[in-house]
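Inspection log for the structure reproduced underneath, given as structure tokens.
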Protein chains: 2
Amino acid sequence: MMAQIDNKTYERILAAADALFSQRGYAAVRLRDIAEAVGLQHASLYYYVPGGKEQLFVEVLERNFQRHREGLTQAIQNAGEDIRQQMLAVMGWFLSQPPMDLARLYYADMPQIDPAQAERLMRLALDAMSIPVCSAIEAANEAGQIAIANPFMAAMTLVNLAQGVKLIPASYLSKVERRAEISAEVVDMLLNGWRKR
Amino acid sequence: MMAQIDNKTYERILAAADALFSQRGYAAVRLRDIAEAVGLQHASLYYYVPGGKEQLFVEVLERNFQRHREGLTQAIQNAGEDIRQQMLAVMGWFLSQPPMDLARLYYADMPQIDPAQAERLMRLALDAMSIPVCSAIEAANEAGQIAIANPFMAAMTLVNLAQGVKLIPASYLSKVERRAEISAEVVDMLLNGWRKR
DNA sequence: GTCTATATTTCGATAGAC
DNA sequence: GTCTATCGAAATATAGAC
């Protein structure tokens, strides 16, 4: 029953699956990896997710995108009116989340699942990322803080760079650098541009 | 012998493998996909690549990175002295190449092959991308065209955004938009920044 | 060189005991 | 609910004919 699967173990399975799928993608994660992370035999996963790997993947992504949409909206709202603070909040949000590789998702993962599901999920993904950030950019535009001709492109640029910072391997970070500092550098570079002012 | 495998079929196998691996990643490509693209049975691939899938992947990446390093250097050089033209050349180069997802490469693909090979390949990848672009940025810095505090970060930002433009699904491009135009928009956004001038 | 046939391994999925 | 055992499909890899 629904009441039964709404328990701790189910949540831990989804969390482990989210972390693994987000990092390695659909094909490179085995059900055995997820089971091991939760401390179960892989066959036990079918008690919670009768649809198997694909259903697990879809449920993980749905939650993932919903969480991103709410989290981004909240982070931006908490950051106040200043677009720079809002951009830093966006970067910070993605740093706090499992990595998200939209390109891998679209080109590698989606072709392996049901096409109708794939299309729906990609729509959810794009909306989750673009709508909150786009709104913030348009508001800052109207407030005169920035002058962006193509808010959607700007939003996806920011999201793209946030993923980039998130995914810098730890071994490439010097001892003093932290992702939060790099995020701030990236934001200021985006705001001020490469040319002298 | 080496002379035998240096033929047309071998080149076609590498080209097909490059296109498929670049798009879908290591795990999501089957040897049968590559063989089919070349018009062979998958078992025939072992005549050219005795080491199988992993060897094929490694050889493809080595060539891939070498080509990128040379192609980027050449594209930048042909673009003249202006950093904007050089940036457009970088964007154009990546548009002309199979997609490259460094994050997927590092987190999804590399863990599936020999660790020593993986480390060597990631070094090649990072050098191929960063060194040519970084040099151009530093030169433009000294010429007073731009003012960049962290050339390496700026270089990887440009590379990251170039991949982003390359990977926009065709279905998300309106009829009038073309990737080259979006590339120019991105470059100008990077150069001028979001804030009013 | 390329094929067919087959071995081997891996992995998702199912059955059934407890 | 979780386990063990096993199935069946798929994918890599090998053997050997042509």
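A, B, ... follow the sequence lines: proteins, then strands. Residue 1 opens every chain. Everything numeric here is computed off the predicted structure, so don't read it as measured data.
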Check the side chains of [Y] and [X] for a donor-acceptor pair under 3.5 angstrom, ignoring hydrogens and angles.
X	Y	answer
A:Gln74	A:Glu70	no
B:Glu138	B:Ser135	no
A:Glu59	A:Tyr10	yes
B:Gln97	B:Arg67	yes
A:Gln117	A:Arg120	yes

Legend entry - Interface with DNA chain C, restricted to residues 105-119 of chain B and to heavy atoms under 4.0 Å: none
Legend entry - Contact residues, residues 14-31 of chain A to DNA chain C [heavy atom, < 4.0 Å]: A:Val29, A:Arg30, A:Leu31
What's the [atom1]-[atom2] distance between [X] and [N], to the nearest Å?
X	N	atom1	atom2	result
B:Ile13	C:dG1	CD1	C1'	10 Å
A:Lys53	D:dA9	NZ	C1'	14 Å
A:Glu36	D:dC3	CD	P	13 Å
A:Tyr46	C:dG16	OH	P	17 Å
B:Lys8	C:dG1	NZ	P	13 Å
A:Phe57	C:dG12	CZ	P	13 Å
A:Arg32	D:dT4	CZ	P	12 Å

Inset, instruction - Return no unless some side-chain N or O of A:Tyr48 is found under 4.0 Å from OP1 or OP2 of D:dT2. - result: yes
Legend entry - Distance below 4.0 Å between B:Tyr47 side-chain N/O and C:dT2 OP1 or OP2: no
Inset, instruction - Using the rule that two of Ile, Leu, Val, Met, Phe, Trp, Tyr join whenever any of their side-chain heavy atoms come within less than 4.5 Å, decide whether B:Phe65 and B:Ile131 are in one cluster. - result: no
Legend entry - Geometric class of the B:Tyr26/B:Phe21 ring pair [parallel <30°, tilted 30-60°, perpendicular >60°]: parallel
Legend entry - Candidate list B:Thr157, B:Ile137, B:Ile83, test side chain to side chain contact (heavy atoms under 4.5 Å, CB included), partner B:Ile148, passing option: B:Ile137
Are [X] and [Y] within salt-bridge range, i.e. N to O under 4.0 Å?
X	Y	result
B:Arg63	B:Asp18	no
B:Arg30	B:Glu36	no
B:Arg179	B:Glu185	no

Inset, instruction - Could you list by number each residue of residues 37-45 of chain B showing a heavy-atom separation from DNA chain D of less than 4.0 Å, or answer none if no residue does? - result: B:His42, B:Ala43
Inset, instruction - Would you indicate which nucleotide in D:dT2, D:dA13, C:dG12 comes nearest to any side-chain atom of A:Thr9? - result: D:dT2
